[in-house]
Amino acid sequence: MKQLSVRLIAWLPVIMLLISADANAGWPTSSRVDKDVSKYWKKTWPDLELTHVTKKTDCAKAELEDAAYKKKTGKTRMLKACLIKIDAFVAKGYRYHIYRDTYVYYVKKRLRSVQMGEIEKAWKAGGVPAPSNEEVTQMLKTLAKEMLSASDVEVTIHEMGRPRPYGEMYRVTLAHDLTYVKDGKKEMREKVFSTLQSDGTDWKAVRELSF
């Protein structure tokens with residue numbers, strides 16, 4: 001019996017390690033990560049609208065610098081931590097800014113730090129919808145007043161293309177008439193082309209590609 005007890009004691013660290021490893025398998029759950037990161041994100045980066053979190057890895061052993069301890073003492077202390085990787089999706093109008101391989105650190109099963117990964121920009125499904133005729137008319141009126149020093153500007157839209165990707169932007173081109181008053185004289189430009197572009201938020205007239 002004594003010999004059996006000695007053997008059990010000898011194997012105890014291994015047994016505890018296996019139990020611990022099994023307990024951490026799959027931890028933390030995706031729902032737990034989503035909840036914890038969303039709460040941390042809202043507090044830390046309130047101007048960035050986090051809409052989705054994708055958990056990419058399970059808990060892995062890591063170390064995390066104790067920021068509170070260093071602030072208090074000026075000394076460095078490392079904490080044993082659980083590291084997982086996520087992709088964090090931030091909404092920017094009709095785009096997502098995706099922070100790939102963002103590091104999330106848990107210490108004693110409590111989220112302690114989130115370190116943003118590299119940013120990737122992606123359009124939401126469907127891209128950017130075309131602006132309404134009213135929006136286009138107002139944009140071109142404002143631009144014409146600035147560029148041509150004109151007043152009483154009127155815009156008549158004949159045709160507007162479909163929004164198309166252009167580098168980091170979406171662009172749309174339209175054909176229209178432009179009537180305005182300059183130096184007391186009424187002038188008209190027929191079937192001129194103007195281009196608008198959007199970075200995923202508001203549409204804006206491209207000055208050098210208008211009129």
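Bear in mind that the values here come from a model prediction, so they are computed numbers and not experimental data.
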*Does the side chain to side chain contact (heavy atoms under 4.5 Å, CB included) test come out yes or no for T195 and Y166, once each step is laid out?*
CA-CA 12 Å; T195 298; Y166 182 82; over 6 Å; no
Would you say [X] and [Y] make side-chain contact, with heavy atoms under 4.5 Å?
X	Y	result
L64	Q115	yes
K92	L48	yes
L178	Y180	yes
K191	D177	yes
M139	T142	no
K85	Y103	yes
T173	R171	no
M160	N133	yes

Calculate, to the nearest 0.5 Å, the distance between atoms [atom1] and [atom2] belonging to [X] and [Y] respectively.
X	Y	atom1	atom2	result
W27	D58	CH2	CG	10.5 Å
L143	K204	CG	NZ	12.5 Å
C82	K109	SG	NZ	8.5 Å
R100	D87	CZ	CG	4.5 Å
D199	R95	CG	CZ	7.0 Å
D101	I86	CG	CD1	10.0 Å

Closest non-hydrogen atom pair, [X] against [Y]:
X	Y	answer
R32	Y106	O-OH, 4.0 Å
S113	Y40	CA-OH, 3.9 Å
E63	Y105	O-CE2, 3.9 Å
G200	W123	CA-CZ3, 3.5 Å

Is there a path of hydrophobic side-chain contacts, each under 4.5 Å between heavy atoms of I, L, V, M, F, W or Y residues, that connects [X] with [Y]?
X	Y	answer
L83	V114	no
L140	W203	yes
V172	Y94	yes
M116	V104	yes
V136	M169	no

With a 3.5 Å distance limit and no angle check, can you tell me whether [X] reaches the backbone of [Y] through a side-chain donor-acceptor pair?
X	Y	answer
K55	P28	yes
S194	F211	yes
T179	M188	no
K124	G93	yes
D66	M78	no
T51	F89	yes

*Go through H176 and V192 one step at a time and tell me if the side chain to side chain contact (heavy atoms under 4.5 Å, CB included) criterion holds.*
CA-CA 6 Å; H176 62 92; V192 295; 3.3 Å; yes
*K35 atom NZ, neighbour heavy-atom count above 12 within 6.0 Å*: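 Counting other residues, nucleotides and ligands, NZ of K35 stays at 12 neighbours or fewer.
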*Determine, stepwise, if the pair I119 / V90 fulfils side chain to side chain contact (heavy atoms under 4.5 Å, CB included).*
CA-CA 10 Å; I119 187 172; V90 172; over 6 Å; no
*Start with the C-alpha distance between Q197 and L209, add both sets of side-chain angles, then the distance that settles side chain to side chain contact (heavy atoms under 4.5 Å, CB included), and finish with yes or no.*
CA-CA 10 Å; Q197 70 180 16; L209 297 177; over 6 Å; no
